[in-house]
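Here the structure is laid out as C-alpha cells; the discussion comes afterwards.
Every chain is numbered from 1 and lettered A, B, ... according to where its sequence line falls, protein lines coming before strand lines.
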Amino acid sequence: MFGLKTDWSLEVLPRYFTLEDYEGGMARWCPGCGDHGVLAAVQRICRDAQLKPESTVSVSGIGCSSRFPHYMKTYGFHGLHGRALPVACGIKSRRPELTIWVATGDGDCCSIGAAHWVHAIRYNMDMVVMLFDNNVYGLTKNQTSPTSRPGSKTNTHPRGSFLPPLNPALTTLSISNVSFVAQTVDWNPVHVYATLKAAYEHKGLSFVRILQRCPQYTPKVFEEAQRDPSLMLLLEHEKGVQADPAGTKIYTNRTQHDPSDINAARQIASREDVIPIGLLFRDADRPRYEEFSSLGADVTIEEKVQALEKELDRFAI
Amino acid sequence: MFGLKTDWSLEVLPRYFTLEDYEGGMARWCPGCGDHGVLAAVQRICRDAQLKPESTVSVSGIGCSSRFPHYMKTYGFHGLHGRALPVACGIKSRRPELTIWVATGDGDCCSIGAAHWVHAIRYNMDMVVMLFDNNVYGLTKNQTSPTSRPGSKTNTHPRGSFLPPLNPALTTLSISNVSFVAQTVDWNPVHVYATLKAAYEHKGLSFVRILQRCPQYTPKVFEEAQRDPSLMLLLEHEKGVQADPAGTKIYTNRTQHDPSDINAARQIASREDVIPIGLLFRDADRPRYEEFSSLGADVTIEEKVQALEKELDRFAI
Amino acid sequence: MESGRNSAVVHEQGAARQVREAIVEIVSDSGEGAQKAGQSFATVCAKMGNGVWTVEIIPAEIKPPARSRAGASGIRIRFGSKAVTNMGDQADVVVAFNEQVLYGRIMADAFREGTVILLENRWAKDADEQIRDMYATAVEDFRARGLIVHELPLHEACLKYTTDPRLGKNMFVLGMLCHIYQLNLDLAANEVRAAFKKKGDKVIEQNLALLRGGGEFAAENLTYRFNVPAMPTRQDLVVTNGNQAVGLGVMASGMDLVSMYPITPATSATHYLAGVFQNLGGFIHQAEDEIAAIGFAIGASYAGKTACTITSGPGLALKTEFIGLAVMAEVPLVIVDVQRGGPATGLPTKIEQGDLFAALYASPGDAPKVVMAAATIEECFHMVITARKLAESFRTPVILLTDANLATGQTPYARPRVREDWMAAPIDQSPWPEGVTPYEWDPETGLSRRPIPGQRGGQYVLTGLAHTKQSHVAYDPRANQVGCEMRSRKFAALASTLLPPKIHGDDQGDLLVVGWGSTLGTIDEAVERVREEGYRVSSIHLRFLSPLEPGLAEIFGRFKRVMTIELNYSDPPSGFGGDVQSARRAQLAQYLRAQTLCDVDYWSITPGQPLQPGQVHGVIMERLAAMGVVDQRAAAAHAG
Amino acid sequence: MESGRNSAVVHEQGAARQVREAIVEIVSDSGEGAQKAGQSFATVCAKMGNGVWTVEIIPAEIKPPARSRAGASGIRIRFGSKAVTNMGDQADVVVAFNEQVLYGRIMADAFREGTVILLENRWAKDADEQIRDMYATAVEDFRARGLIVHELPLHEACLKYTTDPRLGKNMFVLGMLCHIYQLNLDLAANEVRAAFKKKGDKVIEQNLALLRGGGEFAAENLTYRFNVPAMPTRQDLVVTNGNQAVGLGVMASGMDLVSMYPITPATSATHYLAGVFQNLGGFIHQAEDEIAAIGFAIGASYAGKTACTITSGPGLALKTEFIGLAVMAEVPLVIVDVQRGGPATGLPTKIEQGDLFAALYASPGDAPKVVMAAATIEECFHMVITARKLAESFRTPVILLTDANLATGQTPYARPRVREDWMAAPIDQSPWPEGVTPYEWDPETGLSRRPIPGQRGGQYVLTGLAHTKQSHVAYDPRANQVGCEMRSRKFAALASTLLPPKIHGDDQGDLLVVGWGSTLGTIDEAVERVREEGYRVSSIHLRFLSPLEPGLAEIFGRFKRVMTIELNYSDPPSGFGGDVQSARRAQLAQYLRAQTLCDVDYWSITPGQPLQPGQVHGVIMERLAAMGVVDQRAAAAHAG
Ligand SMILES: Cc1ncc(C[n+]2csc(CCOP(=O)(O)OP(=O)(O)O)c2C)c(N)n1
Ligand SMILES: Cc1ncc(C[n+]2csc(CCOP(=O)(O)OP(=O)(O)O)c2C)c(N)n1
Ligand code: SF4
Ligand code: SF4
Ligand SMILES: [Mg+2]
Ligand SMILES: [Mg+2]
C-alpha cells in the first residue's frame, strides 16, 4: 500500500510528496476545534502513504467539518448538506483507483444524510468515512443534533433536548455488509492517526466515528472524558488499531476485543459507562460495490459500437 | 384497553363496531398477496379493541402495501413514497389520542424512507409500524429492494443482485430509543394477529416486520419457509407474543427469549439460519416524543393572547 | 358496413375494402396476452411496410380484478399507408375478451359510433347469473351507444386447439385480425415462433394452430375484410418504444453510468438497459432514493465519467436541490424526465406535459440549465446523444423531457447509423495546464474547461457555495455577480448556435399552432387536415425550451393568432369569471408570452391520455371560428 | 467637516450640527461585542423617537481569524428624523476595532469619500512588525480612498476602566457615539443595565464606567457633534428583526406547530420561538431533514392542527415534492422561505430574491398555491397571520417569502393590537354532515370543507393520486380534469378578493418601478428622491405573487415605461450579444410579462447585500436618460 500504488511504474520520475503537498491553506475552524487535529492526521497519512494529490479526493457535505476538503490540496468535493456519501460513492463507482476521504458531521451523516449512511455502509465501497461527532450543529450555530445528549441546551432546545442520542457506531454495526467500524477522539492525535491509518488500509468502507470537540458550542461534552482517561475504554487486539503505546498509555481502562466478533462489537459499542476507542469491527471479505460498478472500464469505443449495432439488430424489422 | 377507551363516558349511546365498520371496500391486491391477511388482522384488532373508526388513522407511503389505508374505513393518509413516518409522527404529535397504523414497504421504509425510519424509531411515538417486506418493489413491477436476497433476478438486476440484504429487525434494534421490535409472517394469520395485537397494545413505536408473500414477483422467496416450518424459530416467553398455540404448533423450532434482553435480541435477529418470529424486544419505559410534543393543547386562546402580549412587551420601546 | 346486431355470426362475402389506415384495439383482463398479440400484429404491419403506432393500455393495479372497468389491459395499433405518428382518433375494430373492460375504453373516448366490437360471448352463458346480467346489459348499452357488436364464441372456438383458451386466445385473435386486414400469415407465424422460442416446439405448434384457426374462424364468420396498402421502403428500420430509444441513446452516447431509482413510467428504460448496458461497459446504479441517484451520478461526472439519471415527476422534485448544485458547480449531467400526470403521485402511468416549469424553474436561486423535449420516439434516441454532448461542452446539467406517451408508444423509424463520435471520449488524464484555473471562464461565452481527478496539477475543490474562478469560496458582491453572469452567458452562447424552428405549413397565415413534446404527430396531423380543408394554419414544434429556439417573435408576427396546444392544465383563456390577468395558462404559452411578449393563446387539458388528431382539429376549428375565419356552425360540426 | 488627516486627536469645538439622518457602523472581529453596542445605540435612538434600521454585519465563519478581511463582524445603524425603512447608502461614521475588517466593508461599497473612520490605533505599536506594517499601509490606503481616518487610542483609554479592553471596548464606543449623536446617556445606561443584568452589579458598574468614559473621551478628543431631531410618537412601538416578527406572527396566528430543520438565515426565527412558543401551547419539531419537517407539518395539519415549516432555499428545494402533495390533497400549510443567495448552498447568510420561481413553479404537474412576499419587518408579522387564514380558508399551502435582509434587519414598528380572531379556532370534532364528501368542491370557487380525524362519519383517505371528490383514486380523463380545475378555481376565487396595489406617487407618469419583498423601503426612498427632483416616477410593490394582485396591466398602461427592480440575477435587458429573446430576465419581470403582456423592463443584481437607495436612484436616472426624459450627463452625475 505505502508508496506501492500499482500505477507507479507509469511515472517517469518518482515524486516525493511532503506534508505541504496536502495542505490547502489555513484552516478556518475556531481555535481549539477538534477538526484541526483530524486534518493533520489525514495529511500525515497521505504523506506517509505517498498518495498522489491528484488521485486523492476528499468529499464532504455541509457543516463546519465539511469544510475539510478546502484545507486539503487534493481534489475535493464540498457538496450539499447530508449528501457526501452518494457523491463519494458515485466517484468511486467508476474511478476505483481514486483514494477517497469523506468528512461528514453528526448532522450531515446521522440526520439529513441518514438514508445514505445506511446504504453507503451496505455498498461498502473502499473509502474512509470520518464522522466528526461534536454532538451539535456547529455551522448553523448550536442546534441539537441526533447525537446530542438529552438535556443539551441548544438554540432549538433552550430548555434541554429530550431524546436519547443515536449511537452511530452501534447503528453502523447493525447494517448489513458493514466491514469496518472504529471510534476515536480528536484530542488524542496518536490514536486518531493510528485509527485513520487502519481505516485507510482497510479495503472497504471504513467508518470512523471521531468524538470531536467544539469549544464554541459544546465545550463541556467531552471535558470529563478528556480530564479522566479512565472514562475511556481502549480496545486492544493484534488485529485492532496499533497506536503508539506512548500515546495511549494514559488509558488504564483496556480490553482485548477481537474485531472479527461482531456480537461483542455491538455489545461494546452499546456501553454507556465508558467510551470505547479503537477498532470495533473489521471484516476484509465483504463484497464491495465497486467490484461490480467499475466493470467495463476497458470496453473500447469500437466494442461499444459493435454491441450497440447488435442491439439495434434486435429491434430491426 | 379493549373497549375501555377513556373517553367512552362522553358517548351518549355506546356504539358497537363490527368488522364491517373497518372494511373500506374490496382490496385490490393480487390474489394470494400477503397483504390481504395483514389487513384482515388489523381489522380484527380494531374490532376487538372497539377502536372508533373516526379516531383511527392509517398512514402509508407509496407501494402495493401502501394501498392499505384505502381498504380501511377509518381516516387514512396515502402520501408520498418513503414518507409515511414523518406524516404519521406529525399526526400523532398534536393528536396523541388518535390510534395510528402505519403501512410501509421494504422500499418505502428501508430505501427511500431510511432516514425517517431511523429517526421515527428514535422518536418512539405510539403507533404500530407494519413493514410489509416482500423483498421486492411490487408496485413498480419487480425491482430489487434493499431486502432482496443476493442473486435475486429482478428487472433492474436481471443477472441477479449482488448486495447482502438489509436486516430490518436488526438495524431497528440498534437505533437508540427503540422500544418494540417483532417479526411475523403473513401466512400465519394466528401469529400475525397476536403479534400486531401485542404491537397495538405496546405504548411506543411498535415496529413489526412482516415477511410478506408477493406471488406476482417473489413467489419463491418464502416458499421454503412456508413448506418447512422448521426453518422458522418461534420466540416464546411470558413477556412475548401470546399466539393461540393451535396456530403455532407447526413450529418445532422454538426458543425462550426474554424480550427485555436487547443483546440477545440482536443476536437472534442477526441469525441467518432460521427466521425468528415473535417478539424480539420490548421496553415499555422509553420516552415517547408525543409526551413532549403534545404539551400545550389545553392552553386557551385567552392565555395565548396574554402570553403574546407579554412577548410584545419584551420588544416594546 | 352491416351491423350484426342480433347475430353472433356474420355471413356476407366480398372483396377487401381498401382504406388508408386503420385503428385496432385488443382489450382484455390483464394476463390474457392482448399486448403480445397486438405487438405481433404491429410488427407484421411494420414489416409489410405500413406505418404503425402502438399504444399500451395499462390498468392501474398490478393484477386488477377480472372483468372490471379499471382493469382494461391491452393495446391499440394504428397503422396506415403512410408513416403513423400518433395513436389517432377512435378505433375502427376492437377485439374484447370481456364486456366490462370496454367501459374503461369508452370513458377514454376510444370509440365512435360505428366502431366494430368483436366480443367474446361466453359470458352470456356464464354460470354466475350476475355475470350473465352484466353481459346482457352491457351489450345492449353498447349498441345503444352506436357500437356495432358482434358476439363471438372465441373461447369455444379455441377449445379445438387448446384446453386453456385463456392462454391461447390471444394468438387466435391475432389470426383473426391478420385475416381481416389481409396480413401476411407467414410473417405472423414468424412472430409466433419468436415469441415462444424459449417455450419449445410443442407450444409453438399449438400457437401456430391457434393463429391459423383464428384466420379460418374470421374467414367463416366475419365479412370484414380490409386492405391498408403498404409502401415498403428500402430504408433500414427499427421498432422501439420511447424508453427503449432512450436506453439505446444512452448507449449510443457512450454513457458510463445510469443512476436511478425506480419510478413509473421511467423505469422501463432501465429495465431495458439492465439487460445490455454492461455489454457496452456501462453500469446501472439503483440508488436508495432519487436524491442519492443524482448525487451518485454527479459524483461520477465530477470524476470525469459520463452519467445520467432517469426519473419522472416526483423523482425530479427530489432532485431539485442537487440540480441546483450541478448548475452552481457546473457539473455535466443528463437528467431524463419521463413525464407523467401530476401533481404529487398524480397519474403514475399516464401522460402529461406538466413538468416544463419544474424543469425550467424548480431550483431556488438563479439556476440556468439546458431543457430539451423529445417530440418523437426517434428523438428520444438522438436527443440523449445531443444532451450528453451539450452537458459536457457547456459544463451544465441538461434536462431532457419525454413523457409516458413516448415511453410506451412503439413505432418504426430509420435505424440510426451509429457514429463513434457520438460516444464520450475517454477521460483526460494529461497534466492540467499550469496557471489555468478550474473555472477559467471565457468572458464572452462563460465556457471553461474542467479538471478531472487524476489530472496532475488540476486539484481544486468543487463547492456549492458562491465561488471565484479558482473555485474559492467568496462572499463578496462582485464575485457572486460574476459567477451568476458566467453561468448565464453559457446559455446565450448556446442560444446563438440554435436554428429557428421549422414551420410546418406556410410561413404565414391565420393561425400558428405551437407545440412541444410528444404531441408533434397529433398536432401536425390535425394541422394537415385543416390545411386540406383550405385553412391558413401552420404549426411549429419546439425542441429547445432553455435556451429557447430563436426567431419566435418574428415567426409569431406573421400569423394573426398564435396558440399552444399542450397536455397540461390551464384555466380557460378568459379566466374564471372573466379575470384574464389571473388566468393560469398552459405552461409553454405562459413561457412564450414572457419571452416574446406576443399574445400567445392556448388550449390544454389533462386527460392523462394522448391527444387525438380529431380533437385537436376541433380545437383549431373553434379558434378559427372565434377569429371569424370559419363560421361557428362549421366549427361545431367539425369539433363534434 | 474637517478632516483629521495627520492627527489622532481632533481639537475643535462647536455646536452640534443638525442632520436629518445618520448612518453609523461599528465593525470589529467577531466576539468583540460590536453588535451589542450597536443594538443598544439603536434602541436608544428608537426610544428617543428616531426612525431606525439596523443591519447585522456577519462574517461567513463561526470564528474567523482575527484581523481578517472576511472576518468583519458588526452592525450598521441608520437613524433619522423620519421612519427609516432600509440600510441606506454609504456610512457617515464608522468605529473600527482594527483596520483589516474595514476592507470587508469597502468591498461591500459601504463607505463614501468623506466617511469618518474612528480607528483603534493600538496596532500601530503592535509587537508584531507585520501587523504594524499592515496597519500603516491600510491607513494610508484608506486616506487615499478619501476616507477621513482618526486614529484613536481606544484600547489604551479603556484600560482606565478595565483590565481587558477587548471585552469592554464596545460599551466605551457606545458612550463615544452617544456623545457624538447627543443621545440621552440615561437611556443608554438603562440598556447597559439590561444587557448585563444576569452578570451582576460589578459588571454593570464597570460597563457604566466605560460608557461614561467613552462619552468623556469623545468630548475631549473629537469635534464631531450631530443632532438628529427625533419626532416621538404616542404610538406604542416594538423593535424586532424580521425573524422575530415571523415568530411573533406564528404565535399571533395561533399556530400549533412549527416543524423545521436548521438552515441559515431561517433558523433564528425558531431560536426565538424556542424560548417562548410553549407559553402559547405551541411545539417546535426539529426534524431529521427538511422533507421530514414538511411531512410532519402536513401530518399535523391533516389532523386539524395548524402548522408551518420555516426554511430557506436549499430546504425549500427538498420540500418540493411534499408541497405538490399538499396542493393535490388540499392540505392547509404555511411555508416560510427566508430567502438567501443561491443557487445551491450559495450565499447562506446573504440576501437575494431568487426563490420566486421556485415558489411559484417548482413542483411538477399543475401545482397552484398561494405565494406572498413580506415587504417590511412589520409585514413579516402580519403576513403569517394572513397566510394561516388563507391556508385554511382555501385549503392550500401558502408560501410566504421573506429574506435575509428582513430576517436580520431591525426596526421599530407599531405594536400589533392582538386580536383573538387572528388565532386558529379549536379543531372541529362535531359529526361530519352525512352525504357531504371530503372534497365537496363548490363548482364556482373550488372551495370545500375538510373532515378532521375524530369527526364521526368524516372518514376518508387522503391521497396524492388523482382522485374524485370522494377522495377515491380515479384515473379517468374527466376526474383528473375536474380535480385540476377545482384546485385552480380556488385561486381565481382568491384573486377576486384582492385589491390592486397602491401606487406610490402619481397615478401616471414616465416610469413605474415595480418591486416585491424587502426592497420596498429602498425603492420608495429612491423614488421619493427622483420625484423631489421633479421626475414623473412612481412605484408599486407586490405582496401577492400567486394569485397576482389585480389591475396591473391597467396600471402599467398609464406609464411610459415599467420596470422591476429586484435582487436576483438577470442578463442585460438587451441580452448578451443583443439576443433579446433568449435574455434571462429578473424573475418578477419575466412573470409580469407573461401575466400582463406588457413590456416590463428590469434591473437586477446579486450582490448578496441589500440595495442602497442611491444605487436605485442611479438606475432610475439611467432609465429616464435612456427614455430621453433626462439628459445622459445628468443621469451619469446622479448615478455616480
Ligand atoms: C438542505 C440543507 N439544510 C440545511 C442546511 C443548513 N446546515 C448547514 S450545516 C448544518 C448542520 C451542521 O451540523 P453537522 O453536520 O453536525 O456539522 P458541524 O457543523 O457540527 O461540523 C445545517 C443544518 C443546509 N446547508 N442545507
Ligand atoms: C419519489 C418517488 N419515487 C419513486 C416512486 C415509485 N415507486 C412507487 S412504489 C415504489 C416501491 C414499492 O416497493 P415497496 O415499498 O417495497 O412496496 P411494495 O409495492 O413492494 O408493497 C416505487 C419505487 C414514487 N412513487 N415516488
Ligand atoms: S463551531 Fe465548533 S465545530 Fe465549528 S469550527 Fe467552531 S469549534 Fe469547530
Ligand atoms: S405485486 Fe406482489 S405485493 Fe403487489 S399486490 Fe401483487 S402480490 Fe401483492
Ligand atoms: Mg456536528
Ligand atoms: Mg416491497
Requested in this report: Check each atom of A307(C) against the heavy atoms of chain A and say whether the ones under 4.5 Å are side chain, backbone, both or neither.
Outcome: neither
Query raised in the report: Which atoms of V57(A) come close to chain C, meaning under 4.5 Å heavy atom to heavy atom: side chain ones, backbone ones, both, or neither?
Result: side chain
Report task. Decide side-chain contact (heavy atoms from CB on, under 4.5 Å) for Y302(C) and I91(A); before the verdict, give the C-alpha distance in whole Å, the side-chain angles of both, and the deciding distance to 0.1 Å. Result -> CA-CA 7 Å; Y302(C) 167 78; I91(A) 295 171; 3.7 Å; yes
Report task. Could you tell me which residues in residues 273-280 of chain C have at least one non-hydrogen atom under 4.5 Å from a non-hydrogen atom of chain A, sorted by residue number? Result -> V276(C), N279(C), L280(C)
Query - Close side-chain approach of V87(A) to F296(C), heavy-atom, < 4.5 Å - result: no
Requested in this report: Return the minimal non-hydrogen interatomic distance between F322(C) and L80(A), and the atom names on each side.
Outcome: CD2-CD1, 3.4 Å
Query - Which atoms of L312(A) approach chain C - backbone, side chain, both or neither, heavy atom under 4.5 Å - result: both
Query - chain A contact via A297(C) - which portion, at a heavy-atom distance below 4.5 Å - result: neither
Query raised in the report: Going through the checks in order, is the side-chain contact (heavy atoms from CB on, under 4.5 Å) test met by I291(C) and H116(A)?
Result: CA-CA 9 Å; I291(C) 299 176; H116(A) 314 310; 4.2 Å; yes
Query raised in the report: Between A297(A), G90(A), G296(A), which shows the greatest number of heavy-atom pairs under 4.5 Å with chain C?
Result: G90(A)
Report task. Would you mind checking which part of R122(A) comes under 4.5 Å of any heavy atom in chain C, side chain (CB onward), backbone (N, CA, C, O), both or neither? Result -> neither
Query raised in the report: Under a 4.5 Å cut-off applied to non-hydrogen side-chain atoms, are E54(A) and W432(C) in contact?
Result: no
Query raised in the report: When heavy-atom pairs shorter than 4.5 Å are enumerated against chain C, which of S293(A), G113(A), A316(A), A88(A) gives the highest number?
Result: S293(A)
Query - Residues E309(A), R415(C); criterion side-chain contact (heavy atoms from CB on, under 4.5 Å); working and verdict - result: CA-CA 10 Å; E309(A) 291 288 4; R415(C) 176 181 175 135; 2.8 Å; yes
Query - Residues E288(C) and Y123(A): side-chain donor-acceptor under 3.5 angstrom - result: yes
Report task. Flag yes if more than 12 heavy atoms outside E302(A) fall under 6.0 Å of its CD atom; otherwise flag no. Result -> yes
Query raised in the report: Under 4.5 Å between any side-chain heavy atoms of I298(C) and F77(A), yes or no?
Result: yes
**Report entry** Heavy-atom check, side chain of R67(A) versus side chain of L465(C), under 4.5 Å
**Finding:** yes
Query raised in the report: Between R95(A) and D256(C), is the closest basic N to carboxylate O distance under 4.0 Å?
Result: no
Report summary line: Tightest non-hydrogen contact, residues R314(A) and Y272(C), listed as NH1-CE1, 4.2 Å
Query - Choice from S58(A), C89(A), A120(A) maximising heavy atom contacts with chain C below 4.5 Å - result: C89(A)
Query raised in the report: In terms of heavy-atom pairs under 4.5 Å with chain C, which of V299(A), I317(A), D298(A), D313(A) leads?
Result: I317(A)
Report task. Identify which of H119(A), K310(A), K92(A) forms the greatest number of heavy-atom pairs closer than 4.5 Å to chain C. Result -> H119(A)
Query raised in the report: Do L462(C) and H78(A) have side chains that get closer than 4.5 Å, going by heavy atoms?
Result: no
Report summary line: Looking only at heavy atoms, the pair that brings Y75(A) and P451(C) closest together is OH-CB, 3.8 Å
Report task. Measure distances from I294(C) to the heavy atoms of chain A and classify the residue's part below 4.5 Å as side chain, backbone, both or neither. Result -> neither
Report task. Any chance you could lay out the side-chain contact (heavy atoms from CB on, under 4.5 Å) test for T463(C) and H70(A), step after step, and finish with the verdict? Result -> CA-CA 9 Å; T463(C) 181; H70(A) 287 282; 4.0 Å; yes
Query raised in the report: Do you know which of S471(C), G281(C), P416(C), G254(C) has the most heavy-atom pairs under 4.5 Å to chain A?
Result: G281(C)
Requested in this report: Kindly say whether the aromatic ring centers of F315(A) and Y413(C) come within a distance under 6.0 Å.
Outcome: no
Requested in this report: May I ask you to name which of P86(A), P69(A), S60(A), A115(A) has the most heavy-atom pairs under 4.5 Å with chain C?
Outcome: P86(A)
Query raised in the report: Shortest non-hydrogen contact from P453(C) to L98(A)?
Result: CB-CD1, 3.9 Å
Query raised in the report: Can you tell me how far the OG atom of S259(C) sits from the CZ atom of R94(A), to the nearest 0.5 Å?
Result: 11.5 Å
Query raised in the report: Side chain, backbone, both or neither: which part of P438(C) has an atom under 4.5 Å from a heavy atom of chain A?
Result: neither
Query raised in the report: Given a strict heavy-atom distance threshold of 4.5 Å, which part of K305(C) is in contact with chain A: side chain, backbone, both, or neither?
Result: side chain
